[in-house]
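For ligands, and for the atoms within them, numbers begin at 1 and follow the listed sequence. In this text the structure is predicted, and so the values were computed from the model without any measurement.
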Amino acid sequence: MLTNAPKGTKDMMPEEAYKWQYLEKKFAEICRRYGFQEIRTPVFEHTELFQRGVGDTTDIVKKEMYSFMDQGNRNITLRPEGTSPVVRAFCEHKVFANPQPTKVYYNIPCFRYEKPQSGRLRQFHQFGVEIFGTTNMMADAEIIAIGYDFIKEMGITDVELQINSVGCPECRGKHREALKKFLEPKYDELCPTCQERYHTNPMRILDCKSPIDQELVKDAPMMLDYLCDDCREAFEDLKKNLDAFGIEYVVNPKIVRGLDYYTKTAFEFVTTKIGAQGTVCGGGRYDGLVEEVGGPSTPGVGWGMGKERILMTSEACGFEIPKPEGTEVFIAFMGDKAREFALKLMHDLRVAGVAVQMDVMGRNFKNQFKLANRCGAARTVIIGESELESGMLQVKDMESGEQTEVSIDRIFDELKK
Ligand code: ATP
Ligand code: MG
């Protein structure tokens, strides 16, 4: 059928959209507490930005991008992630020239051509935070803390923070050699993707999802054992800062952000509540990225969080998102004169900030009351010809069923309460 949404996309119908509003409001509120400001960048960028900023050897760039030539023959890509565009804007607007650090957050749709399944869509949605301009591990801890707090405030009880260090370009070289030597005799057993990674980006083999590969790397050399003094100190510092924040974590030496411009801190928040796609948030430090995208050497750290996965986990943990407030007043009317009066009253109340509804389908009184109930109205005012003549209107409390009489000249003030 022509009218189906494309594979891997999802409509957010009103029954669900209010949950997203709650999530977004809560996230913005926490960002305010932490001193992060919102940044909004375009939905599409020059393809080259992601080739450089995400990396040519990653799954995202190799096979997941929605790229096309536009009518002016530019190579364009729908944003598959949030960090590279933020880094581009940071450089383009010379934000690096301001006093640092820079703390920003984003709330965006992302696009990846993946195999759709539970927790994996082609249009999905992310929150993200970034801090630029400092190598101090207090920033890494703060980045982790804001994710931790948000996850907790969404009622998520089943989640584990896993941290690691991926070192720096200096110490990574030695680890890479050791890892390749370890994997060489097992090469033929690796999955085809990891055989490729063996040549381009062997560290990524450590966090391959295939159980066979997981078994093969069980005793592989880990980056943590190869850290240089500077990187080891930074990792210890991070742990101390997390302890100071009172945040629990486990060290998982297999967490990888496998590109040269990712450095030191790598982490994930993982849940067992939503099946195989259990990473709700992933991030780390990227001290080489700003330079890679063409700016002056500037350190950075941040994370991206899947909004779909956060909501799924939150619901799986039994967290109930409060329904938004509905209609406060329903106006039931009958007859032309009553309609004129009712329309004016409804509009005045709406202007004054009251949520008011009226029937627009010519229903009789009985059915207007049914509608008032469906709208969740707290009070219903009844306006017919006789009420207009007597100047006394009935206001019904929909919960108790109690009716009170209010004179026509006081009705606006009464309903505005
Ligand atoms: P995964 O291992 O699940 O593929 P990733 O490493 O590709 O994740 P990131 O690029 O780090 O993910 O994105 C940050 C977060 O965005 C993920 O932790 C996840 O919650 C979410 N996410 C990533 N891809 C998708 C997708 N296709 N559909 C829904 N959420 C996604
Ligand atoms: Mg992925």
Parallel, tilted or perpendicular, as decided by the 30° and 60° cut-offs, for the rings of Phe267 and Phe269: perpendicular

Please list the nearest protein heavy atom to [atom] with its residue and the distance rounded to 0.1 Å.
| atom | result |
| --- | --- |
| atom 11 (O) of ligand 1 | Arg257 NH2, 3.1 Å |
| atom 22 (N) of ligand 1 | Phe124 CE1, 3.4 Å |
| atom 20 (O) of ligand 1 | Thr279 O, 3.0 Å |
| atom 16 (O) of ligand 1 | Gln126 NE2, 3.1 Å |
| atom 12 (O) of ligand 1 | Arg112 NH1, 3.8 Å |
| atom 1 (P) of ligand 1 | Arg120 NH2, 3.7 Å |
| atom 3 (O) of ligand 1 | Arg309 NH1, 3.0 Å |

Between [Y] and [X], is the closest basic N to carboxylate O distance under 4.0 Å?
| X | Y | answer |
| --- | --- | --- |
| Glu189 | Lys186 | no |
| Arg232 | Asp229 | yes |
| Arg379 | Glu414 | yes |

Looking at [Y], is [X] sitting on its ring face, NZ or CZ under 6.0 Å from the six-membered ring centre and within 45 degrees of the normal?
| X | Y | result |
| --- | --- | --- |
| Lys344 | Phe341 | no |
| Arg285 | Tyr262 | no |
| Lys103 | Tyr34 | no |

Any protein heavy atom at under 4.0 Å, with atom 8 (O) of ligand 1 as the reference point? no

How about Glu315 and Thr313: does a side-chain donor come under 3.5 Å of a side-chain acceptor?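 No, Thr313 and Glu315 have no side-chain donor paired with an acceptor closer than 3.5 Å.
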
Counting only nitrogen or oxygen atoms and a 3.5 angstrom limit, does Val280 reach ligand 1? yes

Below 3.5 angstrom, do we get any N/O pair linking Leu121 and ligand 1? yes

Gln277, Lys209, Glu114: member with heavy atom nearest to atom 2 (O) of ligand 1: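 Minimum heavy-atom distance to atom 2 (O) of ligand 1 goes to Lys209.
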
Please work out which of Cys110, Gly306, Gly283 has its closest non-hydrogen atom nearest to atom 21 (C) of ligand 1.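 Minimum heavy-atom distance to atom 21 (C) of ligand 1 goes to Gly306.
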
With His125, which of Phe27, Tyr106, Phe111, Trp20 fulfils ring pair (Phe, Tyr, Trp, His ring centres under 6.0 Å)?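 That would be Trp20.
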
Considering only heavy atoms of Gly304, which atoms of ligand 1 have at least one such atom less than 4.0 Å away?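 It comes down to these atoms of ligand 1: 14 (C), 15 (C).
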
Give the contacting part of Cys281 toward ligand 1: side chain, backbone, both or neither, where contact means a heavy-atom distance below 4.0 Å. backbone

